[in-house]
Each structure stands twice: as C-alpha cells, then as structure tokens.
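Below is one structure; the comments refer to it alone.
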Amino acid sequence: MVKSKLKTIILASAVSIMAISLISFPQDSVNASIRGLDMWWKIVFPSLLPFFIVSEMLIGFGVVKFIGVLLEPLMRPLFRVPGVGGFVWAMGMASGYPAGAKLTARLRQEGQLTKIEAERLVTFTNCSNPLFIFGAVSVGFFYNPQLGIILALAHYLGNFTVGIMMRFHGKDHEPTAKKSAKFSLKNAFRELHRTRINDNRPLGKLLGDAVMSSIQTLLMIGGFIILFSVINQLLSNLNIIEMVGSIVALLLQLIHLPESFSIPLISGIFELTLGNKLTSQVENVTLLQQAIIASVILAFSGLSVQAQVASILAQTDIKFKPFFIARIFHSVFAGLYTWLLWNPIYENLNPQNPDSKTVPVALFDEGKWAFDTFELISDTGPILTLISLLVYIVVYASRMLRNEH
C-alpha cells in the first residue's frame with residue numbers, strides 16, 4: 001500500500017513538473033516538438049510503413065506460418081522459440097525499431113507464441129536497421145562508412161548473444177520443453193494453406209486492415225518520438241541532464257572512458273539519434289572510444305523506443321521487464337564487441353590512420369548507398385506520409401459510415 005502511494009506521488013510530481021516546465025519554456029518545447037515531428041514524418045513513417053503493411057499481409061496469407069515451420073529446427077534449439085521467430089528476427093533487423101515488438105505482439109495475439117516464448121523473442125528482435133547504422137550514424141554523423149561495419153557487427157552480434165542468454169528466461173515456468181520439429185516442406189505448405197483458409201478475409205479487407213493497423217501503430221510511435229524530444233529538451237533546460245551527467249562521468253572513469261561522453265550518453269539514454277550525434281561531436285577522444293559509446297547507445301535504443309515497445313506490449317500479456325533487462329545486457333555486449341573487433345577489422349580496413357575520420361573517396365563511395373538511400377527517404381518521406389494519412393482517413397471514414405448503416 002505504501003509502495004503504491006509512493007508511486008502515485010512520484011508520477012504525479014513528475015507530470016506536474018513537466019507541465020510547469022512546458023509553461024516556463026514554451027519556445028524550446030515547440031522547437032523540440034518540431035524536431036521530433038520532422039524526424040517522424042521524414043524518416044520513421046515512410047521507412048517503417050511498407051514493412052508493417054507487408055508483415056500484416058504475410059501473416060494473413062499464412063506465409064509467416066510457412067516460414068515458421070521451415071525455421072523450427074533452427075530457432076527452437078538456439079533460442080527456444082518457434083520457427084516464426086525467425087521471420088520476426090529478420091524483419092526486425094531489416095526495418096528497425098520497434099518492428100520486432102509489433103510482430104511479436106501480433107503473433108502472440110494470433111496464438112502462435114506462448115507468453116514465455118514471446119517474452120524471449122521480443123528481447124532480441126528489436127534492433128536498429130542497417131540503413132540507420134550506415135546512413136545516419138556512420139556516414140551522416142561520423143562521415144566514415146567503414147565505422148558502420150563495426151557498429152553493425154557489434155549491434156547484431158550483441159543481439160544474437162542476448163537471444164542465446166534469454167533462452168533460459170522462464171524455463172521453470174514452462175510445463176515441458178518442446179522438441180524442435182524436423183525440416184518438412186510438405187508440412188510447411190500444409191500450414192500455409194490452413195492459415196490462409198482460416199483467415200477468410202478477402203484481399204481488399206486484408207489490405208485495408210493492414211494499412212489501418214500499421215498507421216495506427218506509427219501514429220503512436222510518432223507521439224512518443226515527439227514527447228521524448230520535448231522531455232529531453234526540458235531536462236536539459238532544467239540542468240537535470242548536467243547533474244546526472246556528473247554521476248555518469250564518475251562511472252565512465254571506472255571503465256577508463258573520457259568524462260566528456262557523459263552528456264552524449266545521458267542524451268542517448270532518452271533518444272538514441274541525439275545521443276549518437278552528440279557522441280560524434282566529442283573532441284580530443286579516439287574514434288574507438290566514440291564507437292564504443294555509439295554502440296552502447298544503439299543497443300540501449302533509448303527510452304523513447306522502449307516506451308514505444310512498452311505501449312505495443314501492453315496490448316498483450318507480454319511483460320516489459322525482460323525486454324528492459326535485455327537492453328542493458330545488449331548495451332554491454334555491443335560495447336564489448338566493438339572493443340574486441342576494432343583491431344582485427346577496423347584497423348585492417350584503415351591501416352594508415354585508424355582514428356581518422358577522413359577516408360579515401362573510393363571507400364566512401366562503398367558506403368554512400370546507405371547515405372543516398374537515407375537522403376532519398378528524407379526527401380520523399382513527407383509526401384508518402386501525407387498520402388498514407390489521407391488513405392487512412394478515407395478508409396477509416398468509410399468503415400465508420402458502413403458500421404452506422
């Protein structure tokens with residue numbers, strides 16, 4: 001009872017302070033909101049919408065079940081999750097945060113995952129996509145495409161390690177350990193057909209549902225991005241980030257990293273894009289140290305992304321706590337892998353001066369595809385976002401009118 005009252009007081013106080021801060025710093029709050037909105041409608045919405053719609057249709061047509069049967073012999077022994085987890089893992093890496101959580105929650109609602117299996121799966125299927133790692137962070141912030149190789153390897157190896165570790169989660173609560181089925185193309189096609197027949201929605205209805213569900217999720221994601229952009233700005237105005245940064249500086253000293261990373265790290269805890277941008281701007285440090293901090297921030301994914309995941313999981317019985325714990329371990333593993341892989345990989349790519357951010361033009365062009373794609377999405381994203389929102393409004397209005405009649 002006392003704990004519940006204390007929680008109420010803390011939450012009420014935090015919201016009250018935020019409301020007062022919004023009134024005290026109106027211009028800064030508006031600017032932060034615009035930054036968050038700009039990121040959402042230029043990058044996040046257009047890059048995630050196609051993956052979300054296609055994923056919903058693949059689930060409806062039974063393709064995910066087909067893939068699940070084929071991947072069962074691999075996913076069950078490694079991660080103790082069904083084969084459909086392989087589809088979620090691949091889509092999570094391809095599309096980025098928070099696709100893994102959305103697909104895991106969707107499969108849990110479909111009954112293709114148990115509660116424990118879903119909690120395991122969501123811990124290692126939420127990650128940054130290669131486009132963001134190479135395009136935004138490596139080229140956009142560090143002007144160094146070769147750095148993306150290290151960041152991507154550390155990020156995905158860290159996620160794999162988390163998946164292996166979390167296979168033991170909930171082991172005591174499972175009645176019996178399920179044996180992995182043998183590879184069978186015949187069974188896979190049978191499940192594909194059965195799933196399509198059971199989901200008897202026509203193509204138009206299935207497509208409409210996919211668009212509606214995807215855009216609703218992306219609207220929620222946009223709200224969280226804007227909210228945490230404002231929170232981060234207000235914390236900076238109230239000097240809270242600086243105060244917490246002094247504590248983080250002491251922790252950085254213990255692991256022999258410069259104190260100048262304290263503010264980027266605190267900012268990255270709230271929002272990973274800002275954290276990585278500030279990390280790239282820290283001076284008088286080695287590129288290896290910057291890469292370690294960038295990997296840690298990417299792996300933790302920021303409270304903004306974690307809030308998005310928590311909101312998605314709240315629609316099911318999947319607990320958020322295992323996901324949060326996994327993000328801490330992922331941060332540790334990603335930072336460690338960056339340090340371990342630096343000499344054998346990055347220095348071999350840049351033998352003359354591994355700390356230099358200036359790379360030969362030929363090498364830069366090799367990573368330019370990510371930057372060009374990122375820029376293309378930024379330029380065309382707002383148009384796609386507006387068209388998609390108009391389609392959403394039309395479909396939603398037509399369904400409301402149909403229900404009234």
Side-chain angles (χ1 to χ4, degrees), residues 127-128 132-134 136-162 164-165 232 235-236 239-303 305-306 324-359:
C127 51
S128 184
F132 181 77
I133 294 176
F134 282 91
V137 179
S138 303
V139 178
F141 296 157
F142 287 93
Y143 306 104
N144 189 339
Q146 272 63 50
L147 186 63
I149 299 173
I150 289 292
L151 294 179
L153 282 173
H155 192 68
Y156 298 128
L157 281 173
N159 240 352
F160 178 82
T161 307
V162 167
I164 297 296
M165 182 187 72
N232 198 39
L235 290 175
S236 179
N239 296 321
I240 294 176
I241 288 182
E242 285 73 11
M243 287 189 292
V244 178
S246 61
I247 300 173
V248 174
L250 296 176
L251 298 176
L252 289 172
Q253 285 182 336
L254 295 176
I255 56 177
H256 305 289
L257 286 173
E259 298 178 16
S260 51
F261 284 122
S262 59
I263 299 301
L265 195 55
I266 292 297
S267 299
I269 288 175
F270 286 92
E271 212 289 306
L272 67 101
T273 305
L274 178 61
N276 276 297
K277 184 177 181 179
L278 294 177
T279 299
S280 69
Q281 296 171 350
V282 176
E283 298 178 347
N284 301 319
V285 295
T286 66
L287 188 57
L288 170 58
Q289 292 170 335
Q290 288 178 310
I292 291 173
I293 297 298
S295 284
V296 169
I297 292 173
L298 280 170
F300 188 72
S301 70
L303 293 177
V305 170
Q306 294 192 26
F324 179 76
I325 294 173
R327 296 286 63 76
I328 297 174
F329 279 104
H330 189 193
S331 300
V332 174
F333 292 144
L336 182 61
Y337 281 132
T338 302
W339 179 68
L340 291 174
L341 296 173
W342 189 260
N343 286 338
I345 294 181
Y346 186 83
E347 289 194 2
N348 285 333
L349 291 173
N350 301 271
Q352 295 179 346
N353 187 5
D355 283 338
S356 174
K357 292 185 181 180
T358 304
V359 294

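- Leu157 places none of its side-chain heavy atoms less than 4.5 Å from the side chain of Phe333.
- Leu265 is listed as a side-chain neighbour of Leu252, based on a closest heavy-atom distance under 4.5 Å.
- Side-chain contact between Leu151 and Val137 is present, with at least one heavy-atom pair separated by less than 4.5 Å.
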Pair Phe134-Leu147, side-chain contact (heavy atoms from CB on, under 4.5 Å): steps then yes or no: CA-CA 8 Å; Phe134 282 91; Leu147 186 63; over 6 Å; no
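- Here CG of Leu274 is found 12.0 Å from CD1 of Ile266. Values are rounded to the nearest 0.5 Å.
- Glu259 places no side-chain N or O within donor-acceptor distance of the main-chain N or O of Ala249, the cut-off being under 3.5 Å.
- By the 30° and 60° cut-offs, the orientation of the rings of His330 relative to His155 is tilted.
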From CA spacing to verdict: side-chain contact (heavy atoms from CB on, under 4.5 Å), Leu303, Ile269: CA-CA 6 Å; Leu303 293 177; Ile269 288 175; 4.2 Å; yes
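- Considering only heavy atoms from C-beta on, Phe142 comes within 4.5 Å of Thr279 through its side chain.
- Atom OG1 of Thr273 is separated from atom CD1 of Ile297 by 10.0 Å, given to the nearest 0.5 angstrom.
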Trace of the side-chain contact (heavy atoms from CB on, under 4.5 Å) decision for Tyr156 with Thr161: CA-CA 9 Å; Tyr156 298 128; Thr161 307; over 6 Å; no
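- Ser138 and Tyr143 are not linked by any side-chain donor-acceptor pair at a separation below 3.5 angstrom, with hydrogens and angles left out of the test.
- Atoms CD1 and OG, on Ile241 and Ser236 in that order, are 5.0 Å from each other to the nearest 0.5 Å.
- Looking at Phe261 and Val282, their side chains come closer than 4.5 Å, going by heavy atoms from C-beta outward.
- Separation of atoms CD (Gln290) and CG (Leu278) is listed at 11.5 Å; rounding is to 0.5 Å.
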CA sep, side-chain torsions, deciding dist, call: Val285, Ser260, side-chain contact (heavy atoms from CB on, under 4.5 Å): CA-CA 9 Å; Val285 295; Ser260 51; 3.9 Å; yes
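- At a threshold of 4.5 Å between non-hydrogen side-chain atoms, the residues Leu251 and Ile255 do not count as touching.
- For Thr338 (side chain) and Ser295 (main-chain N/O), no donor-acceptor pair under 3.5 Å exists by modelled atom type.
- Judged purely by atom type and a 3.5 angstrom limit, Arg327 has no side-chain atom pairing as donor or acceptor with the backbone of Ser301.
- A donor-acceptor pair is defined here as one N or O able to donate and one able to accept, closer than 3.5 Å; no such pair exists between the side chain of Glu271 and the backbone of Gly268.
- When atom types are taken as modelled, the side chain of Gln281 and the backbone of Phe141 share no donor-acceptor pair closer than 3.5 angstrom.
- We find the OG-CG distance between Ser128 and Asn276 to be 8.5 Å, quoted to the nearest 0.5 Å.
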